Amino acid sequence: MATIVKRRNGTFQARIRVRGAKPISETFSSKSKAERWALSAEAAVKDGRRIPSVEAKKHTMADLIDRYI
């Protein structure tokens, strides 16, 4: 579920919590940008399209090129 929080400095933080996945958050300059990101990121998490950051750090550009070739 996505939550939008207005911060003291005038920015908006979008937080997404989905059962079975780690919570993720991002900060935006406008509420509309935060809402758009929250909708797309939440859908990506639910569909399994979002790669966990720990898993993403294991791969390098060289790995990508090798896989492509």
Side-chain angles (χ1 to χ4, degrees):
M1 167 166 260
T3 305
I4 309 291
V5 178
K6 185 173 183 179
R7 304 187 77 189
R8 288 183 182 189
N9 61 1
T11 60
F12 294 87
Q13 184 179 39
R15 297 179 188 158
I16 298 174
R17 294 177 54 187
V18 177
R19 186 179 300 208
K22 288 187 175 187
I24 55 174
S25 64
E26 195 74 33
T27 303
F28 299 91
S29 58
S30 70
K31 187 174 182 180
S32 61
K33 289 179 184 178
E35 289 171 343
R36 280 188 299 227
W37 177 84
L39 286 173
S40 65
E42 187 173 5
V45 169
K46 287 182 179 179
D47 292 343
R49 291 181 283 145
R50 186 165 177 91
I51 300 171
S53 61
V54 174
E55 184 67 25
K57 290 179 183 177
K58 291 180 184 177
H59 302 288
T60 64
M61 183 60 93
D63 293 336
L64 177 66
I65 293 169
D66 289 340
R67 185 175 176 187
Y68 178 77
I69 292 172

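What you see is a predicted model, and the numbers here were worked out from it, not measured in a lab. Numbers here are sequence positions counted from 1.
- E35 pairs by the side chain to side chain donor-acceptor pair (under 3.5 Å) definition with nothing, not counting sequence neighbours.
- In terms of heavy-atom proximity, R7 sits nearest to T27 at NH1-OG1, 3.9 Å.
- Summarising the geometry of A38 relative to A14, their closest heavy-atom pair is CB-CB, 4.3 Å, with the distance given to 0.1 Å.
- In this structure F28 satisfies the ring-ring contact (aromatic ring centres under 6.0 Å, His included) test together with W37, sequence neighbours excluded.
- For residues 59-69, no residue pair satisfies the salt bridge (charged side-chain N to carboxylate O under 4.0 Å, His left out) rule, not counting sequence neighbours.
- I65 shares a hydrophobic cluster with M61, L64, I69; the chain of contacts runs through ILVMFWY side chains whose heavy atoms sit under 4.5 Å apart.
- Minimum interatomic distance between S25 and Q13 (heavy atoms only, all atoms of both residues): OG-NE2, 3.6 Å.
- Cluster partners of V5, using a side-chain heavy-atom cutoff of under 4.5 Å among ILVMFWY residues and allowing indirect links: none.
- Looking at residues two or more places apart in sequence or on another chain, you find a side-chain contact (heavy atoms from CB on, under 4.5 Å) between R36 and S32, K33.
- Side-chain contacts under 4.5 Å among hydrophobic residues (ILVMFWY), followed directly or transitively, place I4 together with F12.
- In terms of the side chain to side chain donor-acceptor pair (under 3.5 Å) criterion, residue partners of T11 (sequence neighbours excluded) are, by chain and number, N9.
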